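The structure appears below as structure tokens.
Whatever order the structure lists them in is the order used to number ligands and atoms, beginning at 1. Starting from 1, each residue takes its place in the sequence as its number. Computed from a prediction, not measured in an experiment: that's the story for all the values here.
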Amino acid sequence: MNQKLYDQIISSFFTCDAEAITAIFREFLQAVQAEGVLPPAPHMSQNYETAQVNPEIHVLPGNLKDARDAVFPFFWGTDSWQSKLHLENVKGPANYASLIGGLACLLKNPNLCTDTYSHRSNELEVKAVTALANLLFYHTDDPWGVFTMGGTISNLYGAKIGIERVLPGAMQSGLNGVRVAGIVSEASHYSNRSIAGWLGIGTEQLCAIATDDALSMRLDLLGEKLEELHKAGTRVAWVTATFGTTDGGGVDDVAGIRRIIDDFAARHGVPAPQLHVDAAVGWVHCFLTEYDREKNSLDFSPKLLELVRRVQEPARGLQVADSITIDFHKMGWGHYPGSVFLVNRRSDLKYLSRSVTETPYFSEADGRRDPALFTLECSRPALGPYTVMASLNGIGLTGWQLLVGRALELAQVLKERLEEIEYCKVLNMQTTGPSVLWWVLPRGRDAKRIHEQALAGEIAPERFARYADEIRRMYELREKSMDPALDARLSFTTSIGHSPHGIALPAWKAVLFNPKTDMAVIDRLIQGIEAML
Ligand SMILES: *Cc1c(COP(=O)(O)O)cnc(C)c1O
């Protein structure tokens, strides 16, 4: 063996040269800072043409700078969402406390599967999960939870517990021809449909209940659907309530759903479906659940206090949920992956657990606390617990309240200003989240009247399709004429999650979730719309 080459590898890649590593890290940081003065447009065009033609691997060992150079073009060409003009989606810039946590984690590289592989990192996960459960369930006695790679997987855990509730032993024996259904609202995230497919009940067994014009599941229809499914011999494994719909911030009435499913279960002598809450987007409102509006110690404006009031009641409803999904990588200004699946009662994990004999690989696992005995995944990164605990305690409860409050306030300002323009109509006036959905029609159209008629079913679908085209064309017009250095980046949805009389409502969309977005960005957005023909 070439000992010299071998020693070179050990010294370059397995020996910590703090000097060399921090020098490269500083270069990355400088690139990020340089990017900060550029508009939030792609800085480098993609090159899929030859991405597969030349998947070369260097022949000889290099050094850490070769590692840097291997990724740098992609690092530079990748948007880090720091610009205050980014309003496209439920995605803010990652905060730097999260980065500190993430770096600490990467240096130790723990695996959360068992204590043996993670040492104190599992303990950190327990701390994070308990803190979040107290925040979300509004104080709870014996919660538990795990970090997962995304909201999709967190929702999957909730659905899986539901299947085991109504069909005990399905984990071992499968569905055995029993029809099992799940229920969501029509404004729920598409991941719920994927899950129904992957869990084997079939996407056709996921029932989507219509929403009202606040983008909230219609509870009268939920009751009817439960009866209909029961009559047909179908077992309802879960109802997933959405707490903050992805586009419009609609919130399902969790306490109301609880009453309906418990009543249904008692009447028919069947297990109640799992009440899972998909709060991937809306969870961040829970920082305001206990804000004292009388004392108002953070000096919130009357407008914001009113928004806080509107947030608090639905947030308290979360205490009757069985389980919850939250995504730090969406509204938590955190790094990927930062999703958490929380259960209100730890005993519910029995529905997921394996015995030590089923995991011979982890014969030393402790059933009281080792996640490997109930998680879907085997290896799990600890990035979630590290980035989340660093963010929670770096920013502090008060800091979170200010950040969330600001986002709500800005969204409300944008809504009110748009609503003043006669050819514009805000579609989610009744929700309180950071997202704003609206129509811009050609000047001269009465947008409010058209909206009223659409809700009342007084517009034929063909006629509405023409308005929808106009709304889309106005959006494209703005896209073509916008100045990327000054104009906010928006997005467009073809359906906001409420379809009155079967008509899907399209909308322009802005999410006021970047902490640096200010009134000047909103002023310019409004001016731009007013200058349109
Ligand atoms: C984004 C989203 C999901 C999926 O979360 P991922 O982390 O992207 O897997 C689920 N539910 C809602 C409401 C979402 O907005």
Side-chain angles (χ1 to χ4, degrees), residues 81 87-92 94 98 132 136 145-160 182-199 203 206 208-209 211 214-217 238-254 257 274-286 314-315 318 321 323-342 375-377 380-381 383-384 387-388 407 411 428 431-437 491 493 495-498 507 509-513:
W81 295 85
L87 307 184
E88 301 100 310
N89 220 330
V90 281
K91 171 85 190 84
S98 176
L132 290 169
L136 269 288
V146 283
F147 278 77
T148 76
M149 67 184 185
T152 306
I153 305 301
S154 296
N155 284 344
L156 180 128
Y157 274 82
K160 179 63 186 157
I183 296 181
V184 291
S185 88
E186 69 170 312
S188 68
H189 192 261
Y190 75 86
S191 58
N192 292 295
R193 195 159 294 279
S194 315
I195 290 162
W198 285 65
L199 283 174
T203 55
L206 186 78
I209 307 284
T211 53
L215 303 171
S216 181
M217 184 192 288
W238 74 84
V239 176
T240 291
T242 308
F243 191 80
T245 60
T246 313
D247 275 342
V251 164
D252 290 340
D253 174 1
V254 177
I257 294 174
Q274 175 82 357
L275 175 45
H276 180 71
V277 177
D278 179 358
V281 167
W283 71 273
V284 77
H285 290 113
C286 293
L318 293 175
S323 51
I324 301 186
T325 290
I326 74 178
D327 268 7
F328 256 83
H329 55 241
K330 286 219 175 116
M331 297 291 207
W333 301 284
H335 288 88
Y336 297 103
S339 183
V340 191
F341 170 71
L342 297 169
T375 51
L376 166 66
E377 302 114 306
R380 274 187 312 132
L383 277 166
T387 56
V388 164
N428 65 334
T431 67
T432 46
S435 57
V436 183
L437 300 171
S491 58
T493 176
S495 173
I496 65 166
H498 173 52
K509 173 173 164 182
V511 187
L512 281 294
F513 205 64

With the threshold set at under 4.0 angstrom, would you say Met149 reaches ligand 1 through any of its heavy atoms?
no
Worked check of side-chain contact (heavy atoms from CB on, under 4.5 Å) between Val184 and Thr242
CA-CA 8 Å; Val184 291; Thr242 308; 5.7 Å; no
Tell me whether Ser435 contacts the main-chain N or O of Val511 through its side chain, where contact means a donor paired with an acceptor under 3.5 Å.
no
side-chain contact (heavy atoms from CB on, under 4.5 Å), that's the test. Do Leu136 and Val340 meet it? Break it down for me.
CA-CA 11 Å; Leu136 269 288; Val340 191; over 6 Å; no
Look up atom [atom1] in [X] and atom [atom2] in [Y], then write down how far apart they are to the nearest 0.5 Å.
| X | Y | atom1 | atom2 | value |
| --- | --- | --- | --- | --- |
| Ser323 | Lys160 | OG | NZ | 14.0 Å |
| Ser185 | Ile209 | OG | CD1 | 8.5 Å |
| Ile496 | Asn428 | CD1 | CG | 7.0 Å |

I need the atoms of ligand 1 closer than 4.0 Å to a non-hydrogen atom of [X], numbered in the order shown.
| X | answer |
| --- | --- |
| Thr246 | 12 (C), 13 (C), 14 (C), 15 (O) |
| Lys330 | 1 (C), 2 (C), 3 (C), 4 (C), 5 (O), 8 (O), 14 (C), 15 (O) |
| Asp278 | 10 (C), 11 (N), 12 (C), 13 (C) |
| Gly150 | 7 (O), 9 (O) |
| Ala280 | 10 (C), 11 (N), 12 (C), 14 (C) |
| Asp327 | 5 (O), 6 (P), 7 (O) |

Do any N/O atoms on [X] end up under 3.5 angstrom from N/O atoms on ligand 1?
| X | answer |
| --- | --- |
| Thr242 | no |
| Gly151 | yes |
| Ser191 | no |

Closest heavy-atom pair, Asp247 versus Ser495, reported as atoms and distance to 0.1 Å, is OD2-O, 3.5 Å
Distance from atom 4 (C) of ligand 1 to nearest protein heavy atom, with residue and atom:
His189 CE1, 3.5 Å
Please list the nearest protein heavy atom to atom 9 (O) of ligand 1 with its residue and the distance rounded to 0.1 Å.
Thr152 OG1, 2.7 Å
What part of Val281 sits under 4.0 Å from ligand 1 if we count only heavy atoms: the side chain, the backbone, both or neither?
side chain
Going by the angle between their ring planes, with limits at 30° and 60°, are Trp333 and Phe513 parallel, tilted or perpendicular?
parallel
Between Thr240 and Asp278, do the side chains contain an N or O donor and an N or O acceptor separated by less than 3.5 Å?
no
